[in-house]
Amino acid sequence: MFLIEHHGKELLASHGLPVPAGAFVPAGGDVNVVQIPGGAVMVKAQVASGGRGKAGGIASAATRDDVARIIAALDGRTLDGKPIYGFRIEQRVDFAHETYVSLSIDGETARIRLLVSTQGGIDVEARAGNEGTALTALVEPKNLAAAAAALCAGLPSPIREALSDAVPRLGEVFVRHEATLLEVNPLFIMRDDGWVAGDVKLVIDDNAIVRQPMIAALLEQHPSIYPESARKLVNGFDYVEVDPQGEIGLITTGAGLSMQLIDELKAQGRRPLNFCDIRSGQFRGDPARLIAVMQWIAARPSVKVVLVNIFAGITDLAEFAKLLVQAAAAVPELRAPIVARLIGRNLDEARQILAGSPLAVTLEPDLDRAIALTLATLDGAHHG
Amino acid sequence: MDSTLFDPAVPVIIQGITGRAGRTHAQLMQRYGTNVVGGVAASATAAPSLPSPASGGGSGWGHIPVFGSCREAVAATKARASLLMVPPLSVLPAVEDALSGGVALLVCITEGVPVHDTLEIVRKVRERGAVLIGPSTPGIAVPGRMKIGFLPDAALTPGPLGVMSKSGTLSYEVCYRLAQRGVGQSLWIGSGGDPVKGARFADLVPLFRSHAETRAVLVIGEIGGTEEEELAEALTRARFTKPVFALLAGTTAPEGVTMGHAGAMIHGTRGTATSKITALGKAGVRVHATMHEIVEDAARMLAPAAQIAQS
């Protein structure tokens with residue numbers, strides 16, 4: 001779960017870490033009902049990715065009118081293809097110096113990677129080792145505070161004093177909230193040697209949310225900002241809308257195969273709507289997951305055809321076919337024809353169940369042929 | 001990595017055998033030929049203080065004895081491997097149980113283990129010198145002989161191809177198609193889609209290099225992390241001469257979104273397909289963009305007809 005900057009900063013502030021005073025205006029919201037900080041401010045578009053500055057998502061404003069004008073120009077738009085969820089309006093920071101701190105999970109060593117640099121700004125990781133002082137360490141979680149202190153001891157004053165305070169405290173938040181990434185860039189060093197988190201990128205492990213009450217509450221309040229994580233928490237499986245104007249709805253099991261299908265469809269110039277790892281092995285006789293996915297697909301009128309792909313190692317295809325028919329009956333608004341690629345246990349029985357149902361479905365056990373059928377159906381819909 | 005751990009006769013216990021999935025897969029594995037020698041109750045690993053339902057192996061489930069802990073199970077059965085089928089938040093205590101019982105190979109199929117738990121798990125496994133496959137693996141197999149986990153029988157066929165995969169379903173699809181073309185597998189290791197895990201692609205290089213039955217290697221990778229880059233380095237370092245085929249899923253995935261697997265997430269330039277394709281290509285790996293292409297290429301090189309034509 002990639003927290004928008006505003007939520008990342010609120011989380012840091014809740015642990016007493018210094019962030020600039022700020023307020024949030026949701027997308028489509030009214031700036032006039034929000035208490036904004038006095039003096040010069042920054043207006044920062046809230047998107048779930050980096051590189052906002054380069055993409056024009058950050059601007060400074062001297063007056064409330066400036067703020068309103070900047071928001072009006074960006075509201076409802078996307079930034080590098082990412083939806084803007086709102087705006088953080090925050091006090092401009094009068095800093096002496098910009099530094100960089102990040103904590104991340106290093107898979108190769110199974111440790112936490114700590115990276116500090118005396119130079120903050122854009123492309124720090126690419127520049128690491130070229131300019132200023134960049135120091136990195138791979139540490140076990142229980143040694144994080146000591147390792148942070150040791151790392152910062154090698155920095156020049158006054159950065160040393162500020163980061164010796166900041167890094168262990170950021171480390172505590174990283175471990176406590178089970179983050180996979182916490183990057184503060186820039187981390188401002190103030191004229192009085194204090195520090196303030198200028199920008200915050202915080203990613204929380206989706207699998208830890210069940211035991212992270214603050215994060216779970218955030219998800220409940222803002223399901224539209226975190227649709228993937230919210231869906232996963234409620235429905236227990238993964239669904240990512242990759243193209244809101246997509247023409248091919250996917251009901252698929254398996255993350256790798258679903259990603260690969262999307263890649264191959266896109267490579268042919270086609271527009272899949274969604275990634276989906278429905279995990280058919282976990283249905284236990286309940287069509288709920290199928291109904292949910294069919295509803296999400298039906299909510300996008302651009303979808304002209306649905307491709308189902310189940311490689312059943314364990315799943316009983318006869319049972320799957322029954323659930324598919326039940327789910328389709330429960331979602332009559334899904335009118336797009338279905339191509340079902342089913343292969344595995346009880347295929348013949350599944351074939352009979354689908355043939356005897358009112359469902360507009362074509363069964364094809366070969367995946368390449370099922371894709372070809374899907375595309376032919378799509379082209380027929382365009383010309384029909 | 002001790003290759004005797006992947007011997008088809010390796011004695012296996014199942015942690016979580018009394019659960020619904022545990023019972024099913026114990027039976028399916030036995031039917032496939034796996035030497036399943038015992039189990040540990042699902043509750044024993046989740047809450048060690050509870051009395052286990054069938055401690056000591058007296059009654060047990062079916063004809064497989066069920067024990068109260070891995071220590072008891074290993075003492076009674078000489079098990080060397082364990083399949084972990086417990087809920088995500090119970091994996092850490094289950095791993096501790098397996099390690100204190102002296103299990104040498106841990107195969108963890110559980111999906112959704114919090115990554116900070118896995119940091120602790122991997123540290124403990126390494127301290128003990130044990131081997132962990134997963135979490136989030138569909139399992140491992142010596143096709144035709146044994147499987148630990150739930151790799152589908154339909155895709156398992158004995159043959160020359162060593163398989164290492166981050167993705168269950170994509171490996172099933174590719175191996176199923178290759179099997180239809182007469183190309184089966186020698187040893188199949190699902191390493192799982194988590195960002196932190198036990199055996200990584202690079203760790204498997206020495207195993208496949210010395211594995212006589214393996215004549216070529218199939219790699220099913222995906223975006224996120226650096227495992228494919230590490231693999232490229234390991235192949236070059238080992239002067240690996242068997243052909244390696246690779247397919248990478250997620251080349252069009254958006255940044256900052258988890259694509260089903262916890263490890264499949266791109267941050268900035270980290271974890272992108274471009275970086276992986278470049279690294280693997282430099283190491284001499286035959287990287288393909290589509291399932292069709294990789295199947296054609298591997299079949300051309302490895303199918304029985306191709307062998308005859310070459311000889």
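Since this is a predicted model, take the numbers as computed values, not measurements. Reminder, nothing fancy here: chain letters follow the sequence lines and each chain counts from 1.
A 4.5 Å side-chain heavy-atom check between A/Leu317 and A/Glu319 finds every atom pair outside the cut-off. Annotation: side chain of B/Val107 is not in contact with side chain of B/Leu84 (no heavy-atom distance under 4.5 Å). Contact check for A/Ile371 versus A/Leu265: side-chain heavy atoms found under the 4.5 Å cut-off.
Contact annotation for B/Ala273: neither backbone nor side-chain heavy atoms come within less than 4.5 Å of a heavy atom of chain A. Of the atoms belonging to B/Leu151, not a single heavy atom falls under 4.5 Å from chain A. With a 4.5 Å cut-off on non-hydrogen atoms, B/Leu247 touches chain A through its side chain but not through its backbone. The contact between B/Val115 and chain A is made by backbone and side chain atoms together, counting heavy-atom distances below 4.5 Å.
If you tally non-hydrogen atom pairs under 4.5 Å between each of A/Glu228, A/Arg211, A/Lys82, A/Glu140 and chain B, the highest count goes to A/Arg211. In terms of heavy-atom pairs under 4.5 angstrom with chain A, the leader among B/Glu173, B/Lys166, B/Glu222 is B/Glu173. Ranked by heavy-atom pairs under 4.5 Å with chain B, the first of A/Asp238, A/Asn207, A/Leu261 is A/Asn207. Across B/Glu227, B/His25, B/Arg177, B/Glu120, the residue that shares the most heavy-atom pairs under 4.5 angstrom with chain A is B/Arg177. For chain B, the option among A/Lys232, A/Lys142, A/Arg341, A/Arg111 with the highest count of heavy-atom pairs below 4.5 Å is A/Arg341. Highest contact tally toward chain A, considering only B/Ile121, B/Leu89, B/Asp117, B/Val174, is held by B/Asp117 [criterion: heavy-atom pairs under 4.5 Å].
A donor-acceptor pair is defined here as one N or O able to donate and one able to accept, closer than 3.5 Å; no such pair exists between the side chain of B/Thr137 and the backbone of B/Ile133.
A/Arg176 pairs by the side-chain contact (heavy atoms from CB on, under 4.5 Å) definition with A/His15, not counting sequence neighbours.
Ring planes of A/Phe283 and A/Phe320: parallel class, angle under 30° (limits at 30 and 60°).
Aromatic pair A/His7/A/Tyr85: ring centres not closer than 6.0 Å. In this structure, A/Phe275 has its ring center at least 6.0 angstrom away from the ring center of A/Tyr239.
Interface with chain A: from residues 194-203 of chain B, residues B/Pro195, B/Val196, B/Arg200 qualify, criterion being any non-hydrogen pair under 4.5 Å.
Side-chain contact, A/Glu264 with A/Gln260: a donor N or O sits under 3.5 Å from an acceptor N or O. Side chains of A/Ser229 and A/Asp206: a donor-acceptor N/O pair is present below 3.5 angstrom, by distance only.
Atom OG1 in A/Thr374 sits 7.0 Å away from atom CD1 in A/Ile248 (nearest 0.5 Å).
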